[in-house]
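Only this structure's heavy atoms are used, side chains among them; waters, hydrogens and symmetry mates stay out. Just so it is clear, the model here is predicted, and its values are computed rather than measured.
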Amino acid sequence: MSLPFKNLCIALGLAFAGWCQAAPTLIENVHGYTLAGDDLKRFDGLVFEQGKVVDAGDAAMLHQRFPAAQVIDGHGKTLLPGLIDAHGHVFSLGFDTMAIDLVGSRNVKQAQDIVRAYAKANPKRVWLLGAGWNQEIWKLGRFPTAAELDAAIPNRPAVLERVDGHAVWLNSKALQAAGITKDTKDPSGGRIERDANGDPSGVLIDNAMNLVYKVVPEPSETERRAALKVALAHMNSVGLTSVGDAGCSAAEIAIYRQFADQDLLSVRIYAMIADTGSDFQALSGNGPLIGYHDDRLSVRAVKLFADGALGSRGAAMLAPYSDQADQRGLLFMPETVMQGKIETALKAGYQVNIHAIGDAANHEVLDAFEAAYRNVGGREQRNRIEHAQVIALSDIPRLKQLDLVASMQPTHATSDMNMAENRIGKERLKGAYAWRTLLSQGTRIAGGSDFPVESDNPFYGLYSAVTRTDHAGQPVGGWHPEQAMTLHEAFRAFTMDAAYAQHQENSIGSLEAGKWADFILIDRDLFGIAPADIWKIKVEQTWVAGKRVH
C-alpha cells in the first residue's frame, strides 16, 4: 500500500477499514521489553499485522522494512507484553463491584456502617451479598458474630465472604433461611463456628458455606453477563490480556463462548472447570476446547480443592496451628477420592489444578498426583498446585520430580505476613511462600493474584514478588527477603511462565514473531524505576490481537 493510499484510508475511516487493515502497523518511540528465550530483549519499535506480531526491534530499521506501515507514536512510553494472571475469579470480580465491599475496613463498626449504607441504597435487594472482611485486620481475636451483623441489617439475609473466600459471615436472617441451628452438623471439609452454648455464631468455614449458598438465589444470565462485562473492562484497565479463571461452571463457560462469538472477550480466558462432577461430564464429552475463536477461550483444565485458607484456619496442616492447638484445618476429601478425580480428568485429556495451602493439603496432593501418574499417566499436562503456600521442606523437591507448576500469588505473602507466623510458627515458615526455594530447584512459578481476594492489578503482584513489603515499604528490607524474586523472574512469572502453565507459550507471553499482538503501554519504565515504585505503575493503553481495548 502506498503512503498516499494509506492516508486516504485513514481519512475515509470505516468505509475502507478492511483495506486499511491489510497494511501492518508500526508503533514506535517506545521503551519496549519482552522476553526472548531466557533473555530480556529491548526494542523501540513493534510491527504487527492481522493481530499478530511481525517483529520487534529498531524502529528505523522497521521503517525501512515496512514503508507502507501505519505508524503510531508511543510518545516515549514503556511497552510490555500483555500481562497474564494465572489464577483469578472473573465473574466474582464483576459481581464484587456490584456488592458490599468490606476490603480495607478497619474494624467491625466501620464494616457495619458500610453494610448499613449499602442496605439503605439498595432497598429492593432481597439478599445482601458482599466480601472483603478480615478479622485479623480488625484485631478481634475471634470471628465476627451474627449479632454484630444484625446490628447493621436485621430484616434481610446478609452473606459476606471473608477476604480469602473461605469463610462467610451471616446475620440471623441468613442463618434462619439456611436452616442452620444448634443441631446442624459440620459437613465434611467444613465447620460451623459456634458460641459457648454450641449455637451457630454466624460464621461458616469452607464446605460449610454451601449450607447457605444452596439457598442464595443464583444470578440470572443477564446478571452474569453484566458482571463479566464489568470484569473485562477492569482487567484491561490494569494491563491483563489473559487470565486463568480458577473454577468455572458450565453456565459461565457458555457465557464466555457467547462473548467470544460476539467479539466481546477482550481478555483471553483459560477456563478451569470446577471439579469433575456433572458440569465436567457435560463439557468434556468432546474433549478439551483449545484456542476457540482466535485463542480467546480455552477449556482444558479442571480445578479441585484440597483444603481451605490460612486466615480462617481452614488450611490443612500436618501439625496443629501454633495459635490454636485444637485446630489442624480441613482436608476437603480423602486422598483416594482426590486421586480418583485427578485420574478422571487426566484420562479425558485435561490438566489438573489443585488448590492446596496447608502443608498437609500439599502433601496429600503430591501423593495423589504420584499415584495417578502411575495409574493413568498425564504428567505432560503441566498439572499445577494452586497457591502451594505452606509446604513441608521434605515435600518441596517433589514438585520438580512430578513436573508440577507452582501457581502462586505474590500478594498473598504480603497480605498474610501480619498473621502467618502466628498461625504456623517460624519453623514451618521456612517452606511457606518459598518462591526462591522453588525457583532454585527449577520449578516454574505461574504468577497470579487470586482476584478478587487480592487486587487484579498485576503490578501489585510484581511489586510484592520483588520487595516482599506492603505499599508503605514495610517491613524495611522485606518479609523473609531471602525468598524474594528478581524483577526478571517476577516478569517471567506474569508472562512466559503463566503462558506455559496454560499451554500457550507459543502464542502469548512475549512479543515474538507469530505470537498475538497483546501488549500494554505504561506510564513509567518497569525496568528503570526503583522497585519501591512498581506498584504505582498505571496502564495507559491495552491492546489485544492488535486492537486497542483500553
**Message:** As an exercise, state the distance from CD1 of Ile529 to CZ of Arg524, rounded to the nearest 0.5 Å.
**Reply:** 6.0 Å
**Prompt:** Taking the side chain as C-beta and beyond, is there a heavy-atom pair between Thr34 and Thr495 under 4.5 Å?
**Reply:** no
**Prompt:** In terms of side-chain heavy atoms, does Glu454 have a donor or acceptor partner in Ser415 at a distance below 3.5 Å?
**Reply:** yes
**Prompt:** Under the 3.5 angstrom rule, does the side chain of Arg225 hit a backbone N or O of Ile255 as a donor-acceptor pair?
**Reply:** no
**Request:** Evaluate the ring planes of Trp479 and Tyr433, with Trp represented by its six-membered ring, and classify them as parallel (under 30°), tilted (30 to 60°) or perpendicular (over 60°).
**Result:** perpendicular
**Request:** Kindly determine whether Gln339 and Glu335 satisfy side chain to side chain donor-acceptor pair (under 3.5 Å), including the steps that lead there.
**Result:** CA-CA 6 Å; Gln339 180 186 333; Glu335 185 182 318; over 6 Å; no
**Asked** When rounded to the nearest 0.5 angstrom, what is the spacing between OG in Ser298 and CG in Leu289?
**Response** 6.5 Å
**side chain to side chain contact (heavy atoms under 4.5 Å, CB included) partners of Asp294, counting only residues at least two apart** = Trp516
**Request:** Find the distance between CZ (Arg384) and CG (Leu304) and round it off to the nearest 0.5 Å.
**Result:** 12.5 Å
**Prompt:** Should Asp450 and Gln409 be marked as a side chain to side chain donor-acceptor pair (under 3.5 Å) after you check the CA-CA gap, both sets of side-chain angles, and the distance that decides it?
**Reply:** CA-CA 7 Å; Asp450 199 16; Gln409 300 74 41; over 6 Å; no
**Request:** May I ask you to decide if Ala56's main-chain N or O and Lys41's side chain share a donor-acceptor pair within less than 3.5 Å?
**Result:** yes
**Asked** Using the ring of each side chain (for Trp, its six-membered ring), is Phe369 parallel, tilted or perpendicular to Tyr373, with breaks at 30° and 60°?
**Response** tilted
**Prompt:** Taking the side chain as C-beta and beyond, is there a heavy-atom pair between Ile273 and Val299 under 4.5 Å?
**Reply:** yes
**Fill in**
Smallest heavy-atom separation, Ser455 atom then Ser449 atom, equals O-CB, 3.3 Å
**Message:** Closer than 4.0 angstrom, basic N to acidic O: yes or no for Asp416 and Arg423?
**Reply:** no
**Test item: Met272 and Gln351 side chains (from C-beta on) under 4.5 Å apart, heavy atoms** = no
**Message:** Could you tell me if the side chain of Phe66 sits less than 4.5 Å from the side chain of Val47, heavy atoms only?
**Reply:** yes
**Fill in**
On a heavy-atom basis, the closest approach of Arg428 and Val390 is O-CG1, 4.1 Å
**Prompt:** Should the heavy atoms of other residues, nucleotides or ligands under 6.0 Å from CZ of Arg42 be counted, would the total exceed 12?
**Reply:** no
**Message:** For Trp535 and His471, take the angle between the two ring planes, folded into 0 to 90°, and tell me which bin it lands in: parallel under 30, tilted 30 to 60, perpendicular over 60.
**Reply:** parallel
**Request:** Compare every heavy atom of Gly514 with every heavy atom of Lys52, then report the nearest pair and how far apart it is.
**Result:** CD-O, 3.4 Å
**Asked** Quick one: does Leu40's side chain get under 4.5 Å of Leu35's, heavy atoms only?
**Response** yes
**Request:** Would you check if the side chain of Lys538 reaches a backbone N or O of Asp523 as a donor-acceptor pair within less than 3.5 Å?
**Result:** no
**Request:** Indicate the ring-plane relationship of Phe332 and His166, choosing parallel, tilted or perpendicular according to the 30° and 60° boundaries.
**Result:** tilted
**Prompt:** Is the count of non-hydrogen atoms from other residues, nucleotides or ligands lying under 6.0 Å from His234 atom NE2 greater than 12?
**Reply:** no
**Asked** Taking 4.0 angstrom as the limit, do Asp403 and Arg379 come out as a salt bridge?
**Response** yes
**Message:** Can you confirm whether Phe43 sits close enough to Asp55 that some side-chain heavy atom of one is under 4.5 Å from a side-chain heavy atom of the other?
**Reply:** no
**Asked** To the nearest 0.5 Å, what is the distance between OG (Ser407) and CG (Asp85)?
**Response** 8.5 Å
**Prompt:** Just wondering, more than 12 heavy atoms not from Asp73 lying within 6.0 Å of its CG?
**Reply:** yes
**Message:** Minimum heavy-atom separation for Ala432 and Ile424, please, with both atom names.
**Reply:** CB-CD1, 4.2 Å
**Prompt:** Hey, mind stepping through Val539 and His550 against side-chain contact (heavy atoms from CB on, under 4.5 Å) and telling me if it holds?
**Reply:** CA-CA 9 Å; Val539 175; His550 168 75; 4.3 Å; yes
**Asked** Are His363 and Asp367 linked by a side-chain donor-acceptor pair shorter than 3.5 Å?
**Response** yes
**Request:** Take Asp359 and Ile391 through the test side-chain contact (heavy atoms from CB on, under 4.5 Å) and record every step on the way to the result.
**Result:** CA-CA 4 Å; Asp359 54 11; Ile391 309 175; 5.7 Å; no
**Fill in**
Across all chains, not counting sequence neighbours, the side chain to side chain donor-acceptor pair (under 3.5 Å) partners of Arg436 are Glu489
**Between Tyr256 and Phe91, ring centroids under 6.0 Å** = yes
**Asked** Atom CD of Gln504 and atom CD1 of Ile84: how far apart are they, to the nearest 0.5 Å?
**Response** 7.0 Å
**Item:** Charged N-O contact under 4.0 Å between Lys77 and Glu540
**Value:** yes
**Request:** Test Leu83 against every option in Val243, Ile522, Ile520, Thr241 by the side chain to side chain contact (heavy atoms under 4.5 Å, CB included) rule and name the one that passes.
**Result:** Ile520
**Any side-chain heavy-atom pair of Leu232 and Leu265 under 4.5 Å** = yes
**Prompt:** Which heavy atom of Asp44 sits nearest a heavy atom of Ala59, and at what distance?
**Reply:** OD1-N, 2.6 Å
**Message:** Please tell me whether Gln502 and Arg268 have a donor and an acceptor in their side chains that are separated by less than 3.5 angstrom.
**Reply:** no
**Request:** Answer yes when Arg444 and Glu505 have at least one side-chain N-carboxylate O distance shorter than 4.0 Å, and no when they do not.
**Result:** no
**Asked** Stepwise, does the salt bridge (Lys or Arg N to Asp or Glu O under 4.0 Å) test hold for Arg492 with Asp38?
**Response** CA-CA 9 Å; Arg492 185 177 187 94; Asp38 290 328; 3.6 Å; yes
**Message:** Show the nearest heavy-atom pair for residues Gly478 and Thr469, with the distance to one decimal.
**Reply:** CA-CG2, 3.5 Å
**Prompt:** Relative to each other, are the rings of His387 and His355 parallel, tilted or perpendicular (30° and 60° limits)?
**Reply:** perpendicular
**Message:** Run the side chain to side chain donor-acceptor pair (under 3.5 Å) test on Thr542 and Asn236 for me, step by step, so that the C-alpha distance in whole Å, both residues' side-chain angles and the decisive distance to 0.1 Å come before the verdict.
**Reply:** CA-CA 6 Å; Thr542 301; Asn236 286 150; 5.5 Å; no
**Prompt:** Hey, are the side chains of Ile342 and Ile354 touching, using non-hydrogen atoms and a 4.5 Å cut-off?
**Reply:** yes
**Prompt:** Distance from Glu482 atom CD to Trp435 atom CH2, nearest 0.5 Å?
**Reply:** 11.0 Å
**Prompt:** Should Phe491 and Phe527 be marked as a ring-ring contact (aromatic ring centres under 6.0 Å, His included) after you check the CA-CA gap, both sets of side-chain angles, and the distance that decides it?
**Reply:** CA-CA 10 Å; Phe491 182 62; Phe527 292 93; 5.2 Å; yes
